[in-house]
Structures are given as structure tokens and as C-alpha cells.
Amino acid sequence: MTETKGEYPLRDSETDALLTHSGRPLSDISADAIAAGDITGDDLRTHADTLRRQAAIAREAGYPQLAANFSRAAELTDVPNDELLKIYEMLRPERASYDELTRLADYLEATYGAKENAAFIKDAAATYRERNLLRR
Amino acid sequence: MERSKRFDLLAKRDINKETYVEPWPEAGLIVADSPYDPQPSLTIEDGTVVEMDGVVRRDFDALDIFIASQALDLETAEAAMALPSEDYARMLADINAPREDIARLIAGCSPAKLTDIIRHMNVLEMMMGLAKMRIRRRPANQAHVTNWREHPALLAADAAEAALRGFAEVETTVRVARFAPFNALAILVGTQTGRGGVLTQCSVEEALGLRLAMKGLTSYAETLSVYGTEKTFVDGDDTPWSKAFLASAYASRGVKIRFTSGTGSEALMGRAEGKSMLYLEARCLLVVKGAGSQGVQNGSISCIALPEALPGGVRAVLAENLLASMLGLEVAAGNDALASHSSIRKTAKLMLQFIPGADFIFSGYSAIPKRDNLFGGGNFDAEDFDDYNVLQRDMQIDGGVRPITEAEALSIRRKGARAIQAVYRELGLPDITDDEIDAAAVAHGSDDMPARDIVPDLEAADAFMAGDDDFTTVIRALNKSGFSDVADNILEMGRQRVAADYLQPSAIFDADFKVQSAINDANDYTGPGSGYRPSGERWREMQAIPQAKSPEGFVDPHVAEPLSRLAEIGPAAVGSGREVILALGPAFGSALGKTIGGLEHEDVLEAILTGVASEGMIARIIRVYHSSDCAAIGYVGARLSGSGIGIGLQSRGTAVIHQKDLAPLNNLELFPQSPSLTLATYEDIGRNAARYAMGIATVPVAVEIDNGARLRLIVKTALLHRRETDEVCPERPPQELRFDWEPEF
């Protein structure tokens, strides 16, 4: 295991290396660039790699569930806002059938490589079936 | 029935406006240790939990399934469950047991095991536990900023003031849901005016909350509510999986989240299944942990009045804070919703989190008037700011805020309101007028604000929500209007969102906009001398309440030129015959010129002499140099007096009538409450002294009793006495004085 704690906070240790979600270096982000309309809020989001590094930091500091959340979050960085909201809605009680949930899981894995989310959603589908939380 | 006047008065006290109820376990009206709570147990086969807390796998509900698969550390579970609960309790209270060791074992404990540990602990031990198990070293505080008018200028002004006061997070909410984007915007601009790095959120429905975060209008969310039974969870229209997914969705956008739970919600929703509030909370907390939340808002939150209606309720609320800390969760510890009518009770309850410290001592200190609080009334409000600052100063405990001056508040409020005005103008939103700015700068609450036309505001809010404008638009608008410092702070929040450091456990930004979390500021409390304790600049800041005065300020108004009418004529001799001696303290009429009550010394002398003369008696005046003590001054006077009667008079006005045959510390009449003494009283003192000297039966002088005087004036009393003591000359005998005065008859 690598020593990750020394890297934290990444804002200070990795200012030059950190990328925004759109792949620009963090050092590109300036008031002038924003004034020029060169940067939108959608650029100014975290990159999947950054979340994976935060996951490693959390895991090493003894927060494995938080690390798992960051790993799932990393997979979701490329999922558009509207889709995220729809997935959340499908996971609420009695919204979706078992097949719809497993198809959703497969879709996420195929489209975004979201393996961990897919497994998590399949886990949910199985429980929903067992506990009668699927759409009736 | 006869009515006791005392019981009648007690019935009207604030504490008796509360509701108290006897426990009813079947309805979940029991804070801990319900007879229906399960005994702790855990069986693992082939790396899977097959039984937990007396329930076998096939009978697991969704929460059991989630906890068993996501929350428990099965590697340590066997050892963790085998360790007796009492041993955990002792470790939690033991400064020699390190936090990390306890946390490692706790990770393998079932909900019933967690609850069983608490059974062995009293509140003092739990406070020790919280001081150690809190994950961030330095405690912080969160503010609630709302107003019933949902006025953007007032929201921005109050948010700016809250930020300046030191709150690390500011939460707002809505009365009308459609206002959500504008309230979030006002709080964002306001806080970043007050101090860069304050985290903000707008408490609304989950999906709307996520959309606000996606627009960069909020930087954290804590509305992810969880419940301790499957039915309540589903009534809340979520499952542990949907909530966990929401947590990941927020994290994917670089937004900090914390879940919300708290005792009493299940009973309130009628689905407690006979379980105690604390057991159900332990289940909630394991769901929170399993979902990968970095923290939780718990401490009963909006249900607080329910546990407080039951015996042990306040203890149970501390217990739930402690359980969350034990599980490695950031704790925003409640103290938010109105919990009591009684100031005594609400302050006593606060101490359980304030003294040990929590990641956030309040999950919403109401930084606004109670009437403006849209979260259901604050337990502590803007009206209590000074009280809270004094509590910090009294106990040298960092409660996460700092005192500010009126001038600082006015200035930052105006700037916050101007900044949101500029954003509204740049974005073409309904104008905020200069009159509204002026009102917001000085306002205490909505009642001080002009009404706005709500309809166009709501239409603009809908359009803003539907459009592409986000926080980069806001940054641009602020830069164009000359608020580049505010724009820079919001831009830095954007950069921090990219770095995602503040998603780690218990993260806040410090005064230098540096992230502080359980990763780089982990709690290291291991007993006396360790852990966080305010010192240096922070302790100086906490002490410097604007109300504190320099000691010189107390004495200066009493310093005067020596009285020209009062001349020293030589050593005082023992008198003979009919006389009263008026013995003055060493500074009377010389270094000092007024009593503590503001009476001129020469007027006091005239009053006493008038009183003596009114009985046809003569008074001789002496000054005592060897002591500043009232009894000693009076006693010397009595010993030198031909009649054996002397009046002792200190510069601050304290007086005594003494008699030479009494013990030095005894007296005929003592007047210790000098602030209450008037010139009429002093005249009465002179008259009574004369009557004692003549051997006439005398009624003691009636004095008004003011038990608040000592409280108000003790500092001045001490400092005036010290000034008098400065004039003491131990070797110098009493001197006779001549006072240029004739009685007016």
C-alpha cells in the first residue's frame, strides 16, 4: 500500500497535476478564463481519477465504506446530471421492476464502465425482490 | 383544595410549559433499553452474516441486509462481539485507550451491541468518550440562516455575518420550495463575502438538492435522512441503496454530504416496532456508515422534544452522538431545533456537546431571530450570540464562533447585501433596491425588511433553475461589479470542488481557506495536556468580547482632585465628652472623589454631619491610614471617640457604625451595599450614630436590599478598594481633619 496521507490535501500537493472533469489542469481555472466564458460549471467538476485518489486516502485512514462510496462516485463522474437523477429515482422504493434494475446496472457498466455501481444496483435489486420493494 | 403560592408560581415557570410523558415501550416511547430491544449476537458463516441480534438471515429486513453486507467489518466482528460491552464502556471513558483501537473493534459491532455498550455509561463517561472519539481535532459550528420573507438581501447579510462570526457551515432552507435556487444563491454570496471557505447548503427535497449542488450553488448536503426500521425508511420514500446512490452522486459532483438521523423519528412516524429510540438510532448509524457517508447529523434533530419528554432523553441524545463518533462518522450534534422553553434546560443540554466538543456542536445554530427560523425555531438564536460567546470565554472552550463588533457586523452585512444586489442586476433578476440594502444592513429580521413582490421573484427563480446559469455565472457577475474578492472565494470553492479534499471525513475550511478534516487534523485527545484546546491567538479572540472593559475604566470616573474643604490638621487624639467620630478611608476625598454609587464624597460628608448635628451632637473627622478595611476604620474611630461611637466610611461608600467595646469585626450597624446608599441614608447613619452616642434607643437604618448589586458591581468594588488600599501607610497614625462646613439650621 502506498502512503497516501502525505498527499492530502491534493489541493496543495497536486495543484499542477489535478485535472478538472473536462480534463483541463486546475491551474487553468482563473477568473479571467471564467470571464471569457471559457469555463463553465460543467468543467469545474472533479475528475474520476481524483476521486479514486481520495478513495485511497480514505481507505488508508480507516474509512473503507467512504472509500467505496468515492469509488462508486468516480464511476459516476461521466454520467450526465439528468441520468443521475433518473437512476436515483429508479432506486427509490417501488419504482422499478427487478429486470429494470438489472438492465440499469448492465447499462451503467456497459456505457460508463461503472462496475461497482452495477454490482451495487444488482445487490439492491435482489434485496428489493426479497423485501417486496419492487414496483407492484 | 388549598393552593400553595409556591406551586402556583412553579406552574407558571418555563419548565412547566414542556410536556412530560411516562415511557410506553410498545409505542417506541422509550429512549433506551426497551424490553423489546434484542440482545447482541452475530453469527458469520463462510464470510456472510447468517444471524444478527437474534434475527436469522431469512427474517432480515432491508436494513439488516444492508448493515450486514455494507457496514460491518466481518474480519473483526468475532473479536468485537466477544468483548464484553462493559469493557468497551470502560475503554471509552479511559484516556489510556486510544481512539483508533476502539474504532477498529467498534467496526465489527452489531446495532444491539452498540446499544448495549451505552447501558454501562453515564453522561460524564459519555462526554469523555465523545471528547476522544470525535474524529476532527478541532470542533466547529454550523449556522442556520433563513427568514420568513425569503428576502435575498437579508439572507445574504445574515449569511455574511454568520461567516464573520466563525461558523464553518451555513444551512438555509425554503418556505416556498421554488425559492430554493435564490436562497442558495444568497447564502453562497453572503458567506463568501463574510469569509471564504464557509460551506453552504439548502435543505430541500433530495432531487432538487442535488440539482442545486450541480449548479454549484451549494457545497454540501445533509438532508439525506435515514430511519431505523424498514417501514419508516420506505415511508421516507427511500431505501439504504437509493440513499447510498445519492451519496455517490453528490460525491461525483464534488459535494460534501452528511446523512441525517436521530432518535424519535420512528416513534413519531408510528413505526418504532417496540424498539427503543437508541437501538433504532444504532441501526440508522450503521446504514449511514454502510452507505459511505462521511458523517451524520444526529442528536434527535427536529424530533428533540420527543426524547426530552421521556426520562433519560437528554442522556440518550448524547449517546447517539457518541455512537456516531465511535463509528468514525463526523457528527453535527443537533442542538438545532427548539428543544425547551427553559433557558436553564436548553443550556444544560447543550453542555453535553459543548464541553466535550463535536465536529459541529450545533447542526444549525439559529443565526437569525427565532421568528425567522424556517427549521422550526432555533434552540439558540441570534438573540443568544452574546451568551454563547460568554460561555466560550467562561470555560475556555472553543464553541466554533467568535465575538464581533457592531461596526464589523454592519459593514459585512452591507457588503453581503450589495454583492447579492450586484449579482441580481448582472443576471437581470428582479432588482434589489438601495433601500433594501440599507434595511438589510441594520436589520435583525424579516420584520425590519420591506416586502418584495414575490410573483416576479418566483418566476425568475423558476427560469434560473431551468436555465444554464450556475456559479460560474455568479463569479462573472461579481467580477464585473467590483466584488472580485467575493468572486475569488467562490472560484476557490470551485477549485476545491475539483480537488475534492473536503469530501473526506469532517472536512471544513479554516480561516486561511485550507481544508481541515479527520485526515489532516485527526483528533489526538489522550487526556490532560493533549488534543485540541484553544490557546494563543484563538483564545485571545475568544476573550475579546466587545463588552470587556479595561480595568482602568472602572476607577477613572472616581478619581478626583483632593477636596479643598478637607484639611489635615495633625495626629488624631483620643477625645472626651459628647462626640461621634467619622473615620474616613485613606483615599476618601483625596485620591478618590465619588462613592461606587456616584455620590460626591463632599456630599456624603455633609449628609452624615447633618445627621449627627440633627441630634445636637458634634462630629469629629479623622482619616485612617493604616488600613483600608471598613471595620478597622470604624473601630479606630470608635476607640478615639469620646462617646465610644465611631462611623467608618470607605471611599467606595461602604459604612459601619462601631462601638469601642465591641470586637473589631462586630458592629452596631453595617451598610455593605454601598451602591444602594443615598444621601438620605447617610444622614440617617449620622443621626443613628449620634443617638447611640447619647445612649438613646435607636431603630437601625432601613436599607434597600439589592441582591443584584454585587453581581453588577463586584469588579468596580474590587478595583476601587484596590485604589484605596494603594493609599494605605501602615506606620502612619490616624490624622484629624477639618471639613469646611456648617450645619444649616
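Per chain, numbering begins at 1; letters A, B, ... match sequence-line order. What's counted below: heavy atoms across the whole structure, side chains too, no hydrogens, waters or symmetry copies.
- Only the side chain of A:Leu133 has a heavy atom closer than 4.5 Å to any heavy atom of chain B.
- With a threshold of 4.5 angstrom between heavy atoms, A:Ala74 does not approach chain B through any atom at all.
- B:Gln516 does not touch chain A: none of its heavy atoms, backbone or side chain, sits under 4.5 Å away.
- Between B:Asn520 and A:Pro9, the shortest heavy-atom contact is ND2-CD, 4.2 Å.
- Of the atoms belonging to A:Leu19, it is backbone heavy atoms, and not side-chain ones, that fall under 4.5 Å from chain B.
- Chosen from B:Ala291, B:Gly290, B:Pro505, the residue pairing most often with chain A at heavy-atom distances under 4.5 Å is B:Pro505.
- Summarising the geometry, atom CE belonging to A:Met90 is positioned 10.5 Å from atom CZ belonging to B:Phe245; distances are rounded to the nearest 0.5 Å.
- Here the side chain of A:Arg131 pairs a donor or acceptor atom with the backbone of B:Phe60 at under 3.5 angstrom.
- Proximity to chain A is limited to the side chain of B:Lys514, based on heavy atoms less than 4.5 angstrom apart.
- Contacts between B:Glu230 and chain A at a heavy-atom distance below 4.5 Å involve the side chain alone, from C-beta outward.
- Interface check for chain B: of the options A:Asp78, A:Thr40, A:Val79, A:Ile87, the most heavy-atom pairs under 4.5 Å are formed by A:Ile87.
- Using a 4.5 Å cut-off between heavy atoms, B:Asp61 contacts chain A through both its backbone and its side chain.
- Residue-environment remark: CG (B:Asp468) stays at or below the threshold of 12 foreign heavy atoms within 6.0 Å.
- Counting all heavy atoms, side chain and backbone alike, B:Asp488 lies closest to A:Ala31 at OD1-CB, 4.4 Å.
- For B:Asp501, the parts sitting under 4.5 Å from any heavy atom of chain A are the backbone and the side chain alike.
- Highest contact tally toward chain A, considering only B:Gly494, B:Ala107, B:Gly254, is held by B:Gly494 [criterion: heavy-atom pairs under 4.5 Å].
- When heavy atoms are compared at a cutoff of 4.5 Å, A:Glu14 does not approach chain B at all.
- Between A:Leu91 and B:Thr239 the shortest heavy-atom distance is O-OG1, 3.8 Å.
- Side chains of A:Asn81 and B:Arg253 form a contact here, defined as non-hydrogen atoms less than 4.5 Å apart.
- Side-chain contact between B:Leu210 and A:Leu85 is present, with at least one heavy-atom pair separated by less than 4.5 Å.
- The closest donor-acceptor contact from the side chain of A:Gln65 to the backbone of B:Lys289 lies at 3.5 Å or more, if one exists at all.
- Put simply, CZ on A:Arg92 and CG on B:Leu246 are 8.0 Å apart, with the number rounded to the nearest 0.5 Å.
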With salt bridge (charged side-chain N to carboxylate O under 4.0 Å, His left out) as the test, would you mind laying out the steps for B:Glu492 and A:Arg11 before giving the verdict?
CA-CA 10 Å; B:Glu492 179 58 20; A:Arg11 174 74 184 90; 2.8 Å; yes

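- With a 4.5 Å cut-off on non-hydrogen atoms, A:Ala68 does not touch chain B at all.
- Residues A:Phe70 and B:Gln504 meet the side-chain proximity criterion, which asks for heavy atoms closer than 4.5 Å.
- Using modelled atom types and a 3.5 Å distance limit, the side chains of A:Asp123 and B:Gln70 yield a donor-acceptor pair.
- For B:Ala103, no part lies under 4.5 angstrom from a heavy atom of chain A.
- Remark: the backbone N or O of A:Arg45 is not paired with any side-chain donor or acceptor of B:Arg497 at under 3.5 angstrom.
- Residues B:Asp237 and A:Arg95 have side chains in contact (heavy-atom distance under 4.5 Å, counting atoms from C-beta outward).
- When all heavy atoms are compared, the tightest approach of A:Tyr128 to B:Ser242 is OH-N, 3.9 Å.
- Only the side chain of A:Thr50 comes within contact range of chain B, with heavy atoms under 4.5 Å apart.
- Taking the six-membered ring where the residue is Trp, B:Trp241 and A:Phe120 present tilted rings, their angle falling between 30° and 60°.
- Of the atoms belonging to B:Ala487, not a single heavy atom falls under 4.5 Å from chain A.
- Heavy-atom distances place the side chain of A:Asn117, and not its backbone, under 4.5 Å from chain B.
- B:Gly292 approaches A:Asn69 most closely through the heavy-atom pair O-ND2, 2.9 Å.
- Of the atoms belonging to B:Ile65, it is side-chain heavy atoms, and not backbone ones, that fall under 4.5 Å from chain A.
- Panel note: side chain A:Thr46, backbone B:Val498; a donor-acceptor pair is recorded below 3.5 Å.
- In plain terms, the two heavy atoms of B:Ala249 and A:Leu76 that are nearest each other are N-CD1, 3.9 Å.
- With a threshold of 4.5 angstrom between heavy atoms, A:Arg53 does not approach chain B through any atom at all.
- We find that B:Arg57 and A:Glu130 are joined by a salt bridge, their nearest charged nitrogen and carboxylate oxygen being less than 4.0 Å apart.
- A 4.5 Å side-chain heavy-atom check between B:Leu503 and A:Leu51 finds at least one atom pair inside the cut-off.
- Only the side chain of B:Phe66 has a heavy atom closer than 4.5 Å to any heavy atom of chain A.
- Looking at A:Tyr88 and B:Asp238, their side chains come closer than 4.5 Å, going by heavy atoms from C-beta outward.
- Shown here is B:Glu75, whose CD atom has no more than 12 heavy atoms of other residues, nucleotides or ligands within 6.0 Å.
- Residues A:Leu18 and B:Arg495 are not in side-chain contact: their nearest non-hydrogen atoms beyond the backbone lie 4.5 Å or more apart.
- Ranked by heavy-atom pairs under 4.5 Å with chain A, the list B:Thr472, B:Val515, B:Asp470 is led by B:Thr472.
- Inter-residue side-chain proximity for B:Ser252 and A:Leu84 is flagged as met; some heavy-atom pair is nearer than 4.5 Å.
- Summarising the geometry, atom CD1 belonging to A:Ile39 is positioned 8.0 Å from atom CG belonging to B:Leu491; distances are rounded to the nearest 0.5 Å.
- Interface remark: B:Ser69 contributes side-chain atoms only to the contact with chain A (heavy atom separation under 4.5 Å).
- Only the side chain of B:Ile135 comes within less than 4.5 Å of a heavy atom of chain A; its backbone N, CA, C and O stay farther away.
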